[in-house]
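Before any comments, here is the structure.
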Amino acid sequence: MAEEVRSLNFIEHIVEEDLKNGYSRESLRFRFPPEPNGYLHIGHASSICLNFGLGLRYNAPVNLRFDDTNPAKEEKEYVDAIKDDVSWLGYEWDTECYASDYFQQLYDWAVELIKQGKAYVDSQSSEAIASQKGTPTEAGTESPFRNRSVEENLELFEGMKNGEFAEGAHVLRAKINMASTNMLMRDPVMYRILHKPHHRTNTDWCIYPMYDWTHGESDYIEQVSHSLCTLEFLPHRELYDWFLDQLVDSDKLRPKQREFARRNLSHTVVSKRKLLQLVESGVVNGWDDPRMPTISGLRRRGYTPESIRNFADTIGIAKRENVVDVSLLEFHVREHLNKIAPRVMAVLNPLKLVITNYEKGKEEWLDAENNPEDESAGNRRVPFSGELYIEQEDFKEEANRKFFRLKLGGEVRLKNGYIIKAESCTKDEDGNVIEVQCTYDPKSKSGSGTEESLRKVKGTLHWVSIPHAVTAEVRLYDRLFNDATPDGHKDKDFMDFINPDSLQKITGYVEPSLKEAKSGDQFQFQRLGYFNVDKDSTPEQLVFNRTVTLRDTWAKLEQKN
RNA sequence: UGGCCUAUGGUGUAAUUGGCAACACUACUGAUUUUGGUUCAGUCAUUCUAGGUUCGAGUCCUAGUAGGCCAACCA
């Protein structure tokens, strides 16, 4: 067993340091805390892999906690989708938690804060409160309600809870410091009135705690040791700590918040608003469209959990701005699929090839290796006949020596089959080649062991026997955006960079072994790319998605010329 | 004009905490190959700038520069 030496990321360094300074290994606990207001995307995947990866590394529990404090935006549908996605990525959470389970405890603590004179009910409009907030360079001014008596605050807060007031009538604020250089410390709102049913607590509550007054406290209740979030929450840390200061019991673990940079993927957008816009404008066909950077989209596209986990592991975690090139993600799917995907033959851009010296009506079943990378994958049989499809790109009447494919008078091997020689071709009135006639060498059959079968020819083509071919709908996906950072331009909207050719639906011809392929099955169409069976697929009408093409050095060569 | 964070090849991350700048991807060479795939070998850096401390600085200090975050009854 070669021990892989991976250097620690800065979060792991922090944990190691804490371990050295008295934290016990048993006290470690992490959490992944999504708000159930949308679908998880590749950015969340990084966070999931970070937190659950830490759990695996330290054998520590990881909670899946839903940060469900805003009933206006949240739905059960999202809770279920999130659970699905985390599970699919291959992780098991210790406890399924909901911030809404802590509403009563949070309320009791808030009452405690009021009694200590550290929180007060403000009865101004949100606009008035905002205008008193000040700016980053100017201190704010104190609310006229800041010094209400404890009794009055208690009474009003209870009234808020009991539904005696309209939305917006009052809020509960922490009494901290209106002159703080940190805007978040200027008497932040802890509770607002929302007469909206919650997907779990229904109408039990009509006041809802804000993020800052929920997150750290939830971490504390769950005894999470390290609460990891993205960098934009860094200014929240002071407040996170202030709230904890008010209520932490010295014999219990005190959670700490640490921040890392969110990962940005090139050629994509990830904000919920923008993803929603893509869905609603019909640019894509839903949240799980294979072009979407959502986890469900990636899954439908044919990405494997392993490939996403390896990707997350490779890009690591740090604190600086970043744009990870999508080619790294593509590398990881190819790497994984190369090991596990059975090879099959499919022709997507057919050109008819007739073998003139092959006996009319004859068929043969040729032996084909399922996966050269995996001996245990075994073999299958592929039907061969005198009329085949090959790719149009694989034939030219004339070409230079760099062209390893079929040209008139040239030889090529048909994968798993015979060596053929192109003799002539026929064209339509526009001059397009519509059929190629060739002859084959009957002694050159692959695996037959004859001298002729061992003969080296430069090119090998994939093919499908026309009488045996199964037609299938094939969806060729490409990047959704033509720009590396579609939402990184001040003067242009990200929608301006939509790639109009991100989806091309064609009819392909596949070998008959694919007839039984089921939704989710993954294949390598040899020389073309990796494809999976879409959920739209039926036994009558197969549907394949192209996950990613194979690396194509020939295409690059051609492009240069 | 305030506070805070960040800066290492084209990209992302490392560097035993002051000791030969490493790994992966991309790109480019070449070898192997019944997938122009895979695999294998190789090429690509004034560590943002300027000073300083030190035998020695990516790492420490000072001053700049650039980028990011912060004024929701969102999370």
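Residue numbers begin at 1 in each chain, while the letters A, B, ... track the order of the sequences. Because the structure is predicted, anything quoted here is derived from the model rather than measured. In what follows, every heavy atom counts, from backbone to side chain, and hydrogens, waters and symmetry copies are set aside.
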So, F404(A) and G36(B): ring centres less than 5.5 Å apart, planes less than 30° off, yes or no? yes
Pair assignment for RNA chain B - dot-bracket with | for other-strand partners, Watson-Crick or G-U under 3.5 Å: .((((((..((((.....[..)))).(((((.......)))))....(((((..]....))))))))))).....
If I take atom [atom1] in residue [X] and atom [atom2] in nucleotide [N], what distance separates them, rounded to the nearest angstrom?
X       : N      : atom1 : atom2 : result
E393(A) : U35(B) : CD    : P     : 19 Å
F10(A)  : A7(B)  : CZ    : P     : 10 Å
L557(A) : G30(B) : CG    : P     : 9 Å
E330(A) : U11(B) : CD    : P     : 18 Å

Decide yes or no, distance alone: a donor-acceptor N/O pair under 3.5 angstrom between the base of [N] and the side-chain of [X].
X       : N      : value
H236(A) : A75(B) : yes
S446(A) : U34(B) : yes
Q524(A) : U35(B) : yes
R405(A) : G36(B) : yes
R413(A) : U34(B) : yes

Any idea if U26(B) is syn or anti, going by the 90°-from-0 cut? anti
Do any side-chain nitrogens or oxygens of [X] fall under 4.0 Å of OP1 or OP2 in [N]?
X       : N      : result
H462(A) : G36(B) : no
K556(A) : A27(B) : yes
K73(A)  : C74(B) : no
T69(A)  : A75(B) : yes
T553(A) : G37(B) : yes

Residues in residues 182-200 of chain A with a heavy atom under 4.0 Å of RNA chain B, by number, are M183(A), V189(A), R192(A)
Taking atom [atom1] in both [N] and [M], compute the distance separating them and give it to the nearest angstrom.
N      : M      : atom1 : value
G56(B) : G52(B) : C1'   : 15 Å
C23(B) : A14(B) : P     : 16 Å
A21(B) : U39(B) : P     : 30 Å
U53(B) : U62(B) : C1'   : 11 Å

Just to be sure I understand the rule, does [X] reach a base, reach only the sugar-phosphate, or reach nothing, if contact means heavy atoms closer than 4.0 Å?
X       : value
V457(A) : nothing
L461(A) : nothing
E335(A) : nothing
N9(A)   : sugar-phosphate
K456(A) : sugar-phosphate
Q526(A) : base

Test of understanding: with side chain to side chain contact (heavy atoms under 4.5 Å, CB included), list the residues that count as partners of I221(A), not counting sequence neighbours. Y102(A), Q105(A), W109(A)
What I want to find out is whether E511(A) reaches R380(A) closely enough, with some N-O distance under 4.0 Å, to be called a salt bridge. yes
